[in-house]
Enquirer: 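The following block contains the structure, expressed as structure tokens.
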2 protein chains.
Amino acid sequence: MEIRRDIFQAIADPTRRAIIALIATQAMTPNALAEHFHTSRQAVSKHIKILTECDLVKQEQQGREIYYSLDIQKMKEIDKWLDQFRKLWETQFNQLDEVLATLKKQKK
Amino acid sequence: MEIRRDIFQAIADPTRRAIIALIATQAMTPNALAEHFHTSRQAVSKHIKILTECDLVKQEQQGREIYYSLDIQKMKEIDKWLDQFRKLWETQFNQLDEVLATLKKQKK
DNA sequence: AATAAGTGCAATTATCTGGTTGCGCAAATT
DNA sequence: AATTTGCGCAACCAGATAATTGCACTTATT
């Protein structure tokens, strides 16, 4: 039962963003994650479920513990969406550069 | 009364992302925007309010019409947040490149 | 075998969210 | 002057969300 989730909705929650940042570099268990926040383990578990539903996390069971880690490649989707704007803000920057260059020229 | 808003929560809604994309290249009025979606002008107005509260849009009044446009520079904040992960996925890619290169070498 | 530890799931609840409808106000049109 | 147009705001409502609590299951420890 794979519910399709939106990655943008997934990163909307600040706790979830913090979890993402934590498991980006090393796999962690729900208990270990919960210690970083002022919430219960079950709350963390729900966040992880949401992250799983949009394929943002991988899991590896070791005995009774489950280690969750980030699927970093999935984060590219956000980067891909940003691409359409990246061109625009770079253009704006170049135009600003030109303006500054012109001002500099006039000063001389 | 400037309520502090989260840009990540702002882009969580698909309609809002569509609005952002539309006003990225040209300023538009709420009425013109509403025609692009299956919602009322008032609903669009609420979305714009949220986008305004996190400084994502600029407005320019012309008579009784208000033209809204995207503050593209603000979008960099998302890009900045992505930076911490960009390093990671690029490293992963390089490592994959190495593996592929090694495999290619062994074939020869 | 009994207990403790780690986990996910279900039920519940307060709050947030996105939408509609009905205003009131200012600017344009008649 | 009267009407139309474009707009934001407030009230309201159904559905989503994030958190807690209680439970059942599996795996380790005693």
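In what follows, every chain begins at residue 1, and chains take the letters A, B, ... in the order their sequences are listed.
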Enquirer: Given atom CD of E65(A) and atom P of dA4(C), what is their separation to the nearest angstrom?
Expert: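 Whole-Å distance recorded here is 18 Å.
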Enquirer: For L51(B) and dT17(C), what is the distance between atoms CG and P respectively, to the nearest whole Å?
Expert: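 Roughly 13 Å, once rounded to whole Å.
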Enquirer: Within this structure, what is the CD-to-C1' distance between E35(B) and dC7(D), rounded to whole angstrom?
Expert: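 After rounding, the gap between these two atoms is 15 Å.
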Enquirer: Round to the nearest Å and state the distance from F37(A) atom CZ to dT20(D) atom P.
Expert: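 Those two atoms, CZ and P, are 13 Å apart.
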Enquirer: Are Y67(A) and M28(A) side-chain neighbours, meaning at least one heavy-atom pair lies under 4.5 Å?
Expert: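 Contact flag for Y67(A)/M28(A) side chains = no.
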Enquirer: When you measure from the side chain of R17(B) to the backbone of A12(B), do you find a donor-acceptor pair of N or O atoms at a distance under 3.5 Å?
Expert: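 Such a contact is found between R17(B) side chain and A12(B) backbone.
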Enquirer: Please walk me through it: do V57(A) and D71(A) pass side chain to side chain contact (heavy atoms under 4.5 Å, CB included)?
Expert: CA-CA 5 Å; V57(A) 300; D71(A) 184 349; over 6 Å; no
Enquirer: Closest heavy-atom contact between H47(A) and I19(A)?
Expert: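 Shortest heavy-atom contact: CB-CD1, 3.8 Å.
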Enquirer: Counting only side-chain heavy atoms from C-beta out, which of dT7(C), dG19(C), dG8(D) sits nearest to T15(B)?
Expert: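 So the side chain of T15(B) is nearest to dG19(C).
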Enquirer: For the side chain of Q42(A) and the base of dG22(D), is some donor closer than 3.5 Å to an acceptor across the two?
Expert: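 A donor-acceptor contact between them is present.
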Enquirer: Rounded to whole angstrom units, what separation is found between the CD1 atom of I66(A) and the C1' atom of dC25(D)?
Expert: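 In whole Å, dC25(D) C1' lies 12 Å from I66(A) CD1.
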Enquirer: Could you tell me the separation between the CG atom of L33(A) and the P atom of dA18(D), rounded to a whole number of Å?
Expert: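 Result: 16 Å.
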Enquirer: Base, sugar-phosphate, or nothing: which does Q9(A) touch, judged by heavy atoms less than 4.0 Å apart?
Expert: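 The residue Q9(A) makes sugar-phosphate contact but no base contact.
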Enquirer: For the base of dG18(C), is there a side-chain donor-acceptor partner from R16(B) under 3.5 Å away?
Expert: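 When only heavy-atom distances are counted, R16(B) does not reach the base of dG18(C) through any donor-acceptor pair under 3.5 Å.
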Enquirer: At under 4.0 Å, does any side-chain N or O of N31(A) touch on OP1 or OP2 of dA5(C)?
Expert: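 N31(A) to dA5(C) OP1/OP2: no side-chain N or O under 4.0 Å.
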Enquirer: How many whole angstroms separate atom CD of E60(A) from atom P of dG6(C)?
Expert: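 That distance rounds to 18 Å.
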Enquirer: Taking D83(B) as the fixed residue, which of K80(B), K87(B), R86(B) is the one that meets the side chain to side chain donor-acceptor pair (under 3.5 Å) rule?
Expert: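 Only one option passes, and that is R86(B).
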Enquirer: Whole angstroms only, please: what is the CG-P distance between D13(A) and dT15(C)?
Expert: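 Distance check: D13(A) CG to dT15(C) P gives 17 Å.
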Enquirer: Between the protein and nucleotides 25-29 of chain C, are there any N/O to N/O pairs under 3.5 Å, and if so, what are the atom names and distances?
Expert:
| residue | atom | partner | partner atom | Å |
| --- | --- | --- | --- | --- |
| dA27(C) | O3' | R64(B) | N | 3.4 |
| dA27(C) | N3 | R64(B) | NH1 | 3.4 |

Enquirer: With respect to the side chain of H47(A), which nucleotide from dT20(D), dA18(D), dC7(D) is positioned closest?
Expert: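 Of the options given, the side chain of H47(A) lies nearest dA18(D).
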Enquirer: Report the residue (R41(A) or I50(B)) whose heavy-atom-nearest nucleotide on DNA chain C is the more 5′ of the two.
Expert: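 With R41(A) and I50(B) compared, the 5'-side residue is R41(A).
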Enquirer: Using the closest heavy atom to pick a nucleotide of DNA chain D for each, name whichever of S40(A) or S45(B) lands nearer the 5' end.
Expert: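 Final value for this comparison: S45(B).
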Enquirer: Looking at the base of dG8(D), is there any donor atom on it, or on the side chain of K46(B), that sits under 3.5 Å from an acceptor on the other one?
Expert: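 It does not, because no donor-acceptor pair links the side chain of K46(B) to the base of dG8(D) below 3.5 Å.
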Enquirer: Got a donor-acceptor contact below 3.5 angstrom from the R5(B) side chain to the I50(B) backbone?
Expert: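 No; judged by distance alone, with no hydrogens or angles, the pair does not exist.
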Enquirer: Between T52(A) and I48(A) (side chain of the first, backbone of the second, donor and acceptor by atom type, cut-off under 3.5 Å), is there such a pair?
Expert: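 Between the backbone of I48(A) and the side chain of T52(A) there is a qualifying donor-acceptor contact (under 3.5 Å).
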